[in-house]
Number of protein chains: 2
Amino acid sequence: MRCATHPGVVASGDEPTTLRVLLWRRALDPHIGRWSLPGGRLRPDEDVEHSIRRQLAEKVDVKTLAHVEQLGVFSAPARVPGPRVVATAFLGLIPSDVDPVVPEDTSWHDVGDLPRTAFDHQEIVLHARDRLRAKLSYTNVGFALAPAEFTVSALRQLYSAALGYRVAATNLQRVLTRRGALVPTGRTASPGRSGGRPAALYRFAHRDMRVTDPFAVFRPPAPAAGRGSRTRGGTA
Amino acid sequence: MRCATHPGVVASGDEPTTLRVLLWRRALDPHIGRWSLPGGRLRPDEDVEHSIRRQLAEKVDVKTLAHVEQLGVFSAPARVPGPRVVATAFLGLIPSDVDPVVPEDTSWHDVGDLPRTAFDHQEIVLHARDRLRAKLSYTNVGFALAPAEFTVSALRQLYSAALGYRVAATNLQRVLTRRGALVPTGRTASPGRSGGRPAALYRFAHRDMRVTDPFAVFRPPAPAAGRGSRTRGGTA
DNA sequence: CCAAAAGTGTTGGGTTTACACCCATGT
DNA sequence: ACATGGGTGTAAACCCAACACTTTTGG
């Protein structure tokens, strides 16, 4: 029994309006020719997160992961032909302006229109997508999809791509600002050829994931202020 | 290298006002005498959830798990002395009125006042507690802590125990009712010796976990009604 | 009739969406 | 000037906590 693989979902909100995932065309026997998530075996001297980061760096040259998060274990005895392989799945995000040089046999695929995948990798990708969508709502994960500096319109496109529906720039601005996730840099972008008011440039206040909307509904007495002491443990 | 263990956090909201976890006093060499989570090795023909259910049934006679959920993988190379062991941690819940017969060398411990634990099991328990607290807010997991039928006061005690602070019966009632999680059975409980209005008995509408408060903040256009189409994928 | 426990009405604060309106720039 | 984006103001909807008040029982 192989001990563990780590399929990593490396996703990037792409300019057009889609969320994309990096897949690898299998050259080896089980499910040859199908698309699979990058990953590999866990070494005895590393933990699973270290392992997935190493796999992505070594095999597909992805070294700029802005955020990495564990999704869960996939362990159905028949998920892979032959001896059972336990996989720990991850979600990895890279900013939209990063375009790593990936090997010949890999390419980016629209998460909403996946090709035939190997093993249970489609299930894993969809799981990752749902996790990302959820966290966009109550955390600042957006920072992992956006460039260091961006306009609200650009951010709106990224959120729309990841969520799968159109979000309004107005509200995106206000919600993220009130939560203290968005900070104006003072600079502005120059308008396009067609004119229009120059857009202010923003950045995320933090570059590590935090819960920005703790939504505990049965909340403690609440001594403090603001949307206040709504307290909730992060969900993972 | 052992391939995987599955520490299962079996928790129960207890009458007094505490959240408790079932721990096992180790009789074997590494960390002998310390308290550890029940669990064991994964068999080649079962998935991790099947495994943890089997372990709990076989070793501590816990067969009445109302809810089981994966927490994540713990894989630090030194988390256990000797060859590395990868563990998949679980949260399991049993209703407050169930009191399984457990072996001599196990007992229930207040999660807020844990004894010295083996390995990283304290971290796992606290992780489980946080997950439970989070899900009490936006799902109907309460069903897994409560008996089949209960009064709002009793439910209030369970929520207070699990959350670690006092929740008001009034709002608990209203929130769960609005969300469609709570249903009156029509029956009532007789008041105690000191009098008082007889309490109505309720039950949870569903006995499987569902997201009752999808809190997507950038939500889709919203064609429908109610707190409406706030849509979010479950986080797990 | 009084105390005790349960349940309902009402108010107020906070958050978010929707939409109208003003601002700045290129042609 | 006008079209084109960008940004702010404001109103309506919704949800939740707190608290007062009513209902139903035992002593």
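Each chain gets a letter, A, B and so on, in the order the sequences are listed, and its residues count up from 1.
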- [ ] Go through the steps for A:Arg131 and A:His127 under the test side-chain hydrogen bond (donor to acceptor under 3.5 Å, both in side chains), then give the verdict.
- [x] CA-CA 6 Å; A:Arg131 175 75 66 91; A:His127 198 81; 4.6 Å; no
TODO: Please step through side chain to side chain contact (heavy atoms under 4.5 Å, CB included) for the pair B:Gln157 and B:Ser153, ending with a clear verdict.
DONE: CA-CA 6 Å; B:Gln157 286 197 331; B:Ser153 313; 5.9 Å; no
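Proximity of B:Pro191 to B:Pro198: side-chain heavy atoms (C-beta onward) are separated by under 4.5 Å at one or more points.
B:Ala200 comes within 4.0 angstrom of the backbone, heavy atoms only, and of no base.
Between the CG atom of B:Leu182 and the P atom of C:dT8 there is a distance of 12 Å, rounded to whole Å. Summarising the geometry, the separation between CZ on B:Arg179 and C1' on D:dC16 is reported as 10 Å, rounded to the nearest angstrom. As a whole-Å value, the separation of B:Arg178 CZ from C:dG7 C1' is 16 Å. The distance between atom CG of B:Leu136 and atom P of D:dC16, rounded to the nearest whole Å, is 15 Å. The distance between atom CZ of A:Phe150 and atom P of D:dG6, rounded to the nearest whole Å, is 14 Å. One interatomic measurement links the two molecules: CG of B:Leu172 to P of C:dA5, which rounds to 18 Å at whole-angstrom precision. In this structure, A:Arg166 places its CZ atom 12 Å from P of C:dA18, rounding to the nearest Å. In this structure, the OH atom of B:Tyr138 is 15 Å from the P atom of D:dC16, given to the nearest Å.
Listed by first and then second residue, the ring pair (Phe, Tyr, Trp, His ring centres under 6.0 Å) pairs that reach into residues 171-205 of chain A are A:Phe150-A:Phe204, sequence neighbours excluded. Sorted by first and then second residue, the salt bridge (charged side-chain N to carboxylate O under 4.0 Å, His left out) pairs with a member in residues 153-162 of chain A form an empty list; sequence neighbours excluded.
For B:His109, the NE2 atom sits in a packed shell: over 12 heavy atoms of surrounding residues, nucleotides or ligands are nearer than 6.0 Å.
Within the 4.0 Å cut-off from OP1 or OP2 of C:dT8, at least one side-chain nitrogen or oxygen of B:Gln173 is found.
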Open item on the list: Across nucleotides 19-27 of chain D, 5' to 3', mark each nucleotide with B, S or - according to how protein heavy atoms within less than 4.0 Å reach it.
Closed with: B---BBBSS
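Closest to the side chain of A:Tyr202, from the set D:dG7, C:dG7, D:dG6, is D:dG7.
A salt bridge links A:Asp120 with A:Arg79: the closest approach of a Lys/Arg side-chain nitrogen to an acidic carboxylate oxygen falls below 4.0 angstrom.
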